[in-house]
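All heavy atoms count here, side chains included; hydrogens, waters and symmetry mates do not.
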Amino acid sequence: MTPELTLRDAVLERLRATPAVSAVVGEKIYDDVPADGEPDLPWIFAGPLNATRLEVGGLPAWDLRLRIFIESAAFDRDQAWSLARAGMRAVEVFEPAEGGFCDRLSVRQAGDVISPLTVKAVFFDVAAVMLDA
């Protein structure tokens with residue numbers, strides 16, 4: 001599996017295993033934007049992945065970023081931000097056991113995307129460095 005997909009899987013599995021997250025969204029944690037006809041909001045999905053080449057101790061590696069989106073149909077931003085914060089706490093300093101990770105996962109930034117007449121969306125970016133195995 002590629003480093004990008006390894007990061008995606010580690011983050012999504014960690015979110016699914018976190019009671020503060022799964023208690024609200026259940027199994028509605030996706031690899032992509034849910035299609036029409038999917039279950040009701042709120043949900044979480046993996047957004048863009050980014051990889052930058054680097055070296056770690058003379059070995060080829062990747063500096064990876066994954067954006068996680070949380071969407072909610074609640075009237076205000078409270079539910080989306082509460083879910084995002086629970087997700088950030090779940091992945092921050094998580095150290096996956098396998099997959100070539102050089103260090104713990106870290107959250108680099110978070111923000112929201114608010115537009116009238118649309119769902120509330122909050123995102124956070126997860127970063128990791130992985131050896132290119």
> For the atom pair CD (Glu92) and CZ (Phe124), what is the distance rounded to the nearest 0.5 Å?
Replying inline: 10.0 Å

>> Please verify the inter-ring angle class for Phe69 with Phe45; under 30° counts as parallel, over 60° as perpendicular, anything in between as tilted.
In response: parallel

>> I'd like to know if the side chain of Lys120 and the backbone of Ala73 have a donor-acceptor N/O pair within less than 3.5 Å.
In response: no

>> Regarding Arg67 and Asp125, does a basic nitrogen lie under 4.0 Å from an acidic carboxylate oxygen?
In response: yes

> Taking the side chain as C-beta and beyond, is there a heavy-atom pair between Val21 and Ile29 under 4.5 Å?
Replying inline: yes

> Under 6.0 Å from the CZ atom of Arg85, do we count more than 12 heavy atoms belonging to anything else shown?
Replying inline: no

>> Testing the basics here: between Arg77 and Asp112, what is the closest heavy-atom pair and its distance to 0.1 Å?
In response: NH1-OD2, 2.6 Å

> Side-chain contact, heavy-atom cut-off 4.5 Å: Val107 with Arg89?
Replying inline: no

>> I want to check something: taking the side chain as every heavy atom from C-beta on, are Phe101 and Glu95 in contact at a cut-off of under 4.5 Å?
In response: no

> Would Tyr30 end up clustered with Ile44 when hydrophobic side chains under 4.5 Å apart are linked, directly or stepwise?
Replying inline: no

>> Less than 4.5 Å apart, side chain to side chain, heavy atoms only: is that true for Leu12 and Ile68?
In response: yes

> What closest approach, in Å, do Val24 and Pro42 show between heavy atoms, and which atom pair accounts for it?
Replying inline: CG1-CG, 3.9 Å

> Looking at Arg14 and Val91, what are the two nearest heavy atoms and their distance?
Replying inline: CG-CG1, 4.0 Å

> So which heavy atom on Ser115 is nearest to which on Thr118, and how close?
Replying inline: O-OG1, 2.7 Å

>> Test of understanding: clusters of I, L, V, M, F, W, Y form through side-chain heavy atoms closer than 4.5 Å, transitively. Do Trp43 and Val113 belong to the same one?
In response: yes

> Arg108 versus Arg65: any side-chain heavy-atom pair under 4.5 Å?
Replying inline: yes

> Residues in side-chain contact (heavy atoms from CB on, under 4.5 Å) with Pro19, at least two apart?
Replying inline: none

> If you look at every heavy atom in Ser72 and Val119, which pair is closest and at what distance?
Replying inline: O-CB, 3.5 Å

> How far apart are the closest heavy atoms of Leu15 and Gly87, and which atoms are they?
Replying inline: CD2-CA, 3.5 Å

> Any Lys/Arg nitrogen of Asp31 or Arg8 sitting under 4.0 Å from an Asp/Glu carboxylate oxygen of the other?
Replying inline: yes

> Below 4.5 Å, heavy atoms only, C-beta onward: do Leu64 and Val129 meet side chain to side chain?
Replying inline: no

> Between Leu131 and Phe94, is there a shared hydrophobic cluster once you connect ILVMFWY residues whose side-chain heavy atoms come closer than 4.5 Å?
Replying inline: no

> Does Ile70 share a hydrophobic cluster with Leu41, counting links as ILVMFWY side-chain heavy atoms below 4.5 Å and allowing steps through other members?
Replying inline: no

> Is it true that Met130 and Val56 fall in one hydrophobic cluster, defined by side-chain heavy atoms closer than 4.5 Å?
Replying inline: no

>> For Ser106 and Arg104, which I'm curious about, is there any donor-acceptor pair between the side chains at under 3.5 Å?
In response: no

>> If we ignore hydrogens and angles and just use 3.5 Å, is the side chain of Lys28 paired with the main-chain N or O of Asp40 as donor and acceptor?
In response: yes

> Atom CH2 of Trp62 and atom CG of Asn50: how far apart are they, to the nearest 0.5 Å?
Replying inline: 10.0 Å

> Would a 4.5 Å heavy-atom cut-off, applied to side chains only, mark Pro60 and Arg53 as touching?
Replying inline: yes

